[in-house]
Structures are given as C-alpha cells and as structure tokens.
Amino acid sequence: MDVIRQKVRVDFEYPVFFTRGVLTPSNLLLRDVVARSADQTPSDLVVVVDRGVVDHQPQLAEHIAEYAQRHRTVLHLAAPVLVVPGGEAVKNDPRYVDQIHHAINDARLCRHSYVVAIGGGAVLDAAGYAAATAHRGIRLIRVPTTVLAQDDSAMGVKNGINAFGKKNYLGTFAPPFAVINDTSFLETLPDRHWRAGVSEAIKAALIKDRSFFDYLEEHAAALRTRDLGVMEQVIRRCAALHLNHIASGGDPFELGSSRPLDFGHWSAHKLEQLTDHRLGHGEAVAIGIALDTTYSYLAGFLPEDDWRRIISLLPALGLSVYVPELGEHLEGGADASSGQPTVLDGLDEFREHLGGALTILMLRSIGAPFDVHDIRRDVMIRSIGVLHDFEHAHQLREERHERHILPEPSEPQGTGR
Ligand SMILES: NC(=O)c1ccc[n+]([C@@H]2O[C@H](COP(=O)([O-])OP(=O)(O)OC[C@H]3O[C@@H](n4cnc5c(N)ncnc54)[C@H](O)[C@@H]3O)[C@@H](O)[C@H]2O)c1
Ligand SMILES: [Zn+2]
C-alpha cells in the first residue's frame, strides 16, 4: 500500500459590523470594507436586493446607485440592482439563483469582485449560494435586513436553497467576506418578523448564556413594543454568541453529528415543511424550543421552575408555542398507521441531514444543554399535548384580557336617580 497523507489548513476571517444607515453616502463603512482589500480599483459589485425591502423603500436601488457613484473610486456597480422575491419563494425556485448567476456572468465578475446581498435570511441564503458557486466563490458581503438574519443566519458560514421538497438541500459552506448589520432596516419589518427573530436569541441564551436569558425576560415588554435600542442589544449579544460558537466550537462546517446551535430545530424544520412555510423559520423555532424544553422537563432533566420561565417568555414575546400541525397525524404520512404525529418524522430527517447517530440537544437548566441520542416518543407525544393545552389556556387568557380592556358600554345618561 502506498499513501500520501494530505492535510490542508485554511483560516477564515470575516468582520461583522454594526451600524445604521449603511447606504447614506456619508456612512463610509461599505466603501471601507471594499477598499480594505481592493486589489483592483474600483472593485466590481453586483447588488442583489430583497423585494420585501424594496416594497418599503422604493428608492433603494437609486440610493445604492448614488452611494456607488459618490464612492466611485472604490465601488463600481457592474450591473443594475437585481431585485428578487423575499422569503422562501427565492429558495424554492432555482430560477432565482440562475438569475443571479447570469447577472454575475454578464457583469464579468471575478473572484476579487463582490456580490452584495441585502435582505432577509432567505435572500442571503440564495444570493450566498449563487456567489459561492460562481467561479467557485466570489466575495460575499451580507447586509441582513431582518432580526433573524442579523442575530443568527447572516453570522454563519452556510447558504443554500430548497430542493426535492427539503429545506436547504442544495448549498455550500462558505464564509462571507463581511457582514454589515444595519438596524435601521428593521424599522420597516412587519411585526411578525420582528418577533420571529427573537426566538433565535432565546435559543442562544438557553444553550449558552443564562444572564442573557434574564435580560430577555426583563426586556420582554420593550421588545414587544419595538424598542430599537433594546433590539440592538439583543442582536449584538446573540450575534456574538453565535460567532463565538462557530469560531471555538471546533466544527464550523458541521462535519460531526451534533449541531449545538440547533436547539429546537429538528421539529422546527419539519413544521416549516408541514405548514407549507405558513410558519416562518423563527416562528417554527419558537415552537421547537417550547417542545424540547417541555421534553427536557417531562423527561426529568430540567427543573420545573426553569421550564415555567422558558415557556412563559415565549408568549410574553408574542411567540406561539403550538400550531395544529404539531399534533397532526397526516394521512398517508410515514406514521399515519402508528398514530404518531407526523412531526416526529423530523427526528429521522434531522439525523439524515447531518449523518451519523441521532444527536439532539436537551436542557439541564437555562444555559446548560447536553446531547441526547435516544428520544422517547411517548414523552415527546406528551410534550406535544402539554403545549396544546398551554397554548389553549394562553389564548383564553388573552381573549379575556382583551374583553377586559374593551371599554364597558356606559350607563345611559340621565336614568340614574
Ligand atoms: N444560512 C443559515 O445558517 C440560516 C440560519 C437560519 C435561517 N436561515 C434561513 O433564513 C430564512 C429565514 O430568514 P428570515 O427570518 O430573515 O426571513 P425571510 O428571509 O423569509 O424574510 C421574511 C420576510 O420579510 C421581508 N423583509 C426582509 N427584510 C425586510 C425589511 N427590512 N422590511 C420589510 N420586509 C422585509 C422579506 O421580503 C420576507 O417577505 C429561512 O429560509 C431559513 O432557512 C438560514
Ligand atoms: Zn435557526
């Protein structure tokens, strides 16, 4: 036998900036990010933008053109700004990645040029995949515009689109060139997406940082009323936890069987699919967190007090802990005959996506997770039942509260004695 053992080490480094008004011409951040390693000036840029952002800022393409024009010694807009649909639509139809590839090719970008992607996690995933595969990798600058993308998805090294009915089936591990978190984009974010992104912060707190969980509890009301300053703190802290994990977790490209950042995600991915993406990723993660937290409690790992705190924080932040699909036995589903909720298929699919033995994170306490390789289905089914009852009771309380705060019809005037 003859063998040459090859070993290659590659270091990646990417800055994550926090700013407001990134496209204001006097904000030099984007210019400087490119100028920092400009080996050709000006550098070519293809800019891909989320339609959801453009709908709220119709002048965005003009602002981008003006910014590039003002800093033309550094930046050259090599193609018209490309607007693509936001949300899963951009990941479900491969034509959009194709469109981005065409734009990159038409603009004759090289590996030292830039794709700048401005949008939610879905647009960043699709544009990132296109950038990573054109010329085997063009520099990607991510400008995330949702809470979830700013505190979670844009921090990582993954991109991808959906295929064969499976989330993120096609994709690559490719660290970005830089990330620019501009919180002013969040001002136009619909309430629903504002709330959804907080679930990744709860997740990060639960698996990494108990004091961050305390902070989220203390600031739940401010988050619900859209306090941008508090949200900036939450994003900054969550992003830092995420980045630190990728840098020090020892498995940035997820070669092992464990995915410590994916607490609550096995069921979340399945619920996104079962609801046909009616649930967004963050909303599904909130339910996934509730489910694995309840399992941790019922299986005897997690103290009741911690369980109560977690399960109460989610609705306090406007996040539901149950949808009908969680308890559903779909007809024709793999488990229809056994009477098990279809969501449990998510366990096998999660294992299959990762490879190796099933590894699910559970909680011993807030901030202290551990790996479990065997999930008791009866306990999981009981957990689903508990969430069903909890959500039902919560809805009743909300309804009563609403009825209570409605002004009482006043007594007809002049009839009293
Ligand atoms: N790559 C990763 O590591 C990773 C991690 C987590 C999630 N994700 C992916 O991210 C996606 C979810 O991302 P998301 O939660 O950011 O939602 P999203 O990208 O689906 O966007 C939600 C909606 O908000 C709109 N929008 C975006 N920014 C806006 C703004 N500033 N103002 C108004 N509307 C705006 C979009 O057009 C869309 O309709 C999923 O596809 C998920 O799989 C990827
Ligand atoms: Zn997630």
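Keep in mind that the numbers below use all heavy atoms, side chains included, and drop hydrogens, waters and symmetry copies.
For the salt bridge (charged side-chain N to carboxylate O under 4.0 Å, His left out) test with Arg237, the passing option among Asp209, Asp152, Asp151 is Asp209; the others fail. Tested against Arg278 for a salt bridge (charged side-chain N to carboxylate O under 4.0 Å, His left out), the candidates Glu88, Glu325, Glu272 yield a single pass: Glu325.
Side chain of Arg195 to main chain of Arg224: no donor-acceptor pair is present (N/O by atom type, distance under 3.5 Å, no hydrogens or angles). The backbone N or O of Gln273 sits nowhere less than 3.5 Å from a side-chain atom of Thr275 that would complete a donor-acceptor pair. Of the possible donor and acceptor atoms, one in the side chain of Gln150 sits under 3.5 Å from a partner among the backbone N and O of Asp182. Formation of a donor-acceptor pair under 3.5 Å by the Glu283 side chain with backbone atoms of Gly280 is found in this model. Within the 3.5 Å criterion, the main-chain N or O of Thr19 finds no donor-acceptor partner in the side chain of Asn181. Proximity of a side-chain donor or acceptor of Ser199 to a complementary backbone N or O of Gly282 within less than 3.5 Å is detected. A donor-acceptor pair is defined here as one N or O able to donate and one able to accept, closer than 3.5 Å; such a pair exists between the side chain of Asp50 and the backbone of Gly120.
Ring centroids of Tyr67 and His71 are separated by less than 6.0 Å, placing the two rings close together. Between Phe350 and Trp266, the gap from one ring centroid to the other reaches at least 6.0 Å. Checked against the 6.0 Å centroid criterion, the rings of Tyr14 and Phe177 do not qualify as a close aromatic pair. Between His281 and His265, the distance from one ring center to the other falls under 6.0 angstrom.
Side chains of Asn159 and Thr172: a donor on one and an acceptor on the other come within 3.5 Å. Side-chain contact check for Glu399 and Gln395: no donor-acceptor pair (N or O, by modelled atom type) lies under 3.5 Å. Residues His101 and Thr133 bring a donor and an acceptor atom of their side chains to less than 3.5 Å of each other. Inspection of the Lys208 and Asn244 side chains reveals no N or O donor paired with an N or O acceptor under 3.5 Å. Residues Asn92 and Asn162 bring a donor and an acceptor atom of their side chains to less than 3.5 Å of each other. For Thr294 and Trp307, the side-chain atoms include at least one donor-acceptor pair closer than 3.5 Å. For the residue pair His269 and Glu349, no side-chain donor N or O sits within less than 3.5 Å of a side-chain acceptor on the partner.
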Any chance you could lay out the salt bridge (charged side-chain N to carboxylate O under 4.0 Å, His left out) test for Asp378 and Arg376, step after step, and finish with the verdict?
CA-CA 6 Å; Asp378 58 325; Arg376 283 184 51 192; 2.8 Å; yes

Side chain to side chain contact (heavy atoms under 4.5 Å, CB included) between Val22 and Phe185, worked out
CA-CA 9 Å; Val22 66; Phe185 280 111; 4.0 Å; yes

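Seen from the ring of Phe370, Arg364 counts as a face-on cation partner, given the 6.0 Å and 45° thresholds.
Ring pair Phe12/Phe253 is tilted by interplanar angle, where 30° to 60° counts as tilted.
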